[in-house]
Chemist: 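Quick one: structure below, then a few questions.
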Amino acid sequence: MFDIDHYLAKLGHTGPRPAPTPETLRVLHKRHMMTQPFDNFLNGVRGTAIWDGVDIDVDTVYKEVVIGGRGGVCYELNGLFRALLTGLGFEVVVFSAGVRGPDGSYGPEMEHLFNGVRIDGEWYLADVGYSGPSLLEPVRVSAEPQEQYGTGFRVLEGDDGFHYLERRPRGGEWGVIHRFLLQPRKFSEWLDADNPTLDAYAEMLAAHVTYIRGRALENGQMTLTGRRLLIVEDGVERVRVLVKKDDYEAVLDDILLRTPASAVA
């Protein structure tokens with residue numbers, strides 16, 4: 001069963017339940033990113049039904065992810081975090097975004113689900129379910145650059161009604177992660193409404209499944225896309241391709257916080 005106090009302990013919090021403040025949000029967000037990895041492995045089984053579970057059964061997903069230790073996808077991890085924040089007294093809504101692809105095009109605007117948190121009239125993006133590279137801590141919806149461990153973030157408002165989350169690595173240029181509408185979403189928009197664009201996108205993903213795993217570090221992030229490993233530390237990016245099976249398995253164990261098979265034998 002979903003248990004706020006157990007959840008907080010899993011995230012390293014001790015003492016009484018924290019107040020719903022920006023600092024509480026910052027600390028819990030980063031700890032969640034470090035301890036609850038992203039893993040889309042089950043998408044290979046879900047096929048074109050990848051968004052059918054978007055309105056998560058909190059108890060079931062909590063048992064599988066927080067207690068059981070498996071990684072989750074955007075709506076699972078952000079759904080759990082939303083339940084935690086709501087239980088602590090935060091004002092939380094569901095946002096969605098279209099992720100920018102390598103060719104500059106954007107996915108459907110309901111492709112990625114994350115949370116919006118409003119504190120003292122200001123919106124924060126709280127996204128613990130993006131594989132990366134992305135934010136480790138919440139980002140205010142503001143054009144003012146916000147630095148996190150050597151990486152800059154900002155949110156720009158476009159003339160098309162979308163807001164654009166941008167990221168800049170150390171010594172690099174600003175680039176868009178995704179675009180979103182600053183309006184709460186309802187799960188019925190995924191589950192009940194006709195959405196041929198999203199359906200076509202699901203068919204494309206199901207036909208070309210790429211396994212992605214990711215987890216935050218103290219000062220950055222690891223993202224494994226297939227066998228391509230991206231490590232960001234203090235804003236500096238390093239990429240390597242894991243050709244050897246042992247190297248691949250070791251990185252996978254590290255990201256997913258698994259005990260290596262050699263240690264179990």
Chemist: If the test is side-chain hydrogen bond (donor to acceptor under 3.5 Å, both in side chains), which one of Q221, E137, E233 qualifies with Y149?
Modeler: E137

Chemist: With a 4.0 Å cut-off on N to O distance, would you call R215 and D254 a salt bridge?
Modeler: yes

Chemist: Test of understanding: with side chain to side chain donor-acceptor pair (under 3.5 Å), list the residues that count as partners of E76, not counting sequence neighbours.
Modeler: R46, R70

Chemist: Identify the two heavy atoms, one from F90 and one from P20, that lie closest to each other, and give their separation to 0.1 Å.
Modeler: CZ-CA, 3.3 Å

Chemist: Under the 6.0 Å and 45° cation-pi test, does R179 pair with Y164?
Modeler: no

Chemist: Residues two or more places apart in sequence or in another chain: which of them pass ring-ring contact (aromatic ring centres under 6.0 Å, His included) with Y211?
Modeler: F41

Chemist: Under a 4.0 Å threshold between the charged nitrogen and the carboxylate oxygen, would K30 count as salt-bridged to E218?
Modeler: yes

Chemist: Report yes if some heavy atom in the side chain of L229 is under 4.5 Å from a heavy atom in the side chain of T223; otherwise report no.
Modeler: no

Chemist: Which pairs would a plain distance check flag for residues 102-109, meaning a side-chain donor or acceptor within less than 3.5 Å of a matching protein atom at least two apart in sequence or in another chain?
Modeler:
unit_1 : atom_1 : unit_2 : atom_2 : d
D103   : OD1    : S105   : N      : 3.0
D103   : OD1    : S105   : OG     : 2.7
D103   : OD2    : S105   : OG     : 3.3
E109   : OE2    : R185   : NH2    : 2.4

Chemist: When you measure from the side chain of T21 to the backbone N and O of T24, does any donor-acceptor pair fall under 3.5 Å?
Modeler: yes

Chemist: List, by chain and then residue number, the residues other than Y130 in its hydrophobic cluster (Ile/Leu/Val/Met/Phe/Trp/Tyr, side-chain heavy atoms under 4.5 Å); write none if there are no others.
Modeler: V93, F95, V99, F114, W123, L125, L135, V139, V141, F153, V155, L165, I177, F180, L182

Chemist: Which residues satisfy the side chain to side chain donor-acceptor pair (under 3.5 Å) test with R82, sequence neighbours excluded?
Modeler: N115

Chemist: Ignoring hydrogens and geometry beyond distance, is a side-chain donor-acceptor pair present between Y62 and H6 at under 3.5 Å?
Modeler: yes

Chemist: Which residues satisfy the salt bridge (Lys or Arg N to Asp or Glu O under 4.0 Å) test with R140, sequence neighbours excluded?
Modeler: E122, E144

Chemist: Under a single-linkage rule joining Ile, Leu, Val, Met, Phe, Trp and Tyr whose side-chain heavy atoms are separated by less than 4.5 Å, which residues share a cluster with V239?
Modeler: L230, V232

Chemist: Just to verify, what does D5 make a salt bridge (Lys or Arg N to Asp or Glu O under 4.0 Å) with, not counting sequence neighbours?
Modeler: R17

Chemist: What residues form a side chain to side chain donor-acceptor pair (under 3.5 Å) with D194, not counting sequence neighbours?
Modeler: none

Chemist: Applying side chain to side chain donor-acceptor pair (under 3.5 Å), name anything that partners Y7, two or more places apart in sequence or on another chain.
Modeler: H32

Chemist: Is any NZ, NE, NH1 or NH2 atom of the basic residue among R154 and E147 found under 4.0 Å from an Asp or Glu carboxylate oxygen of the other?
Modeler: no

Chemist: Tell me every residue that passes salt bridge (Lys or Arg N to Asp or Glu O under 4.0 Å) with E157, counting only those two or more places apart in sequence or in another chain.
Modeler: none

Chemist: Could you work out, with salt bridge (Lys or Arg N to Asp or Glu O under 4.0 Å) as the rule, every residue matching D39, not counting sequence neighbours?
Modeler: R213

Chemist: Charged N to carboxylate O under 4.0 angstrom, R26 versus E23?
Modeler: yes

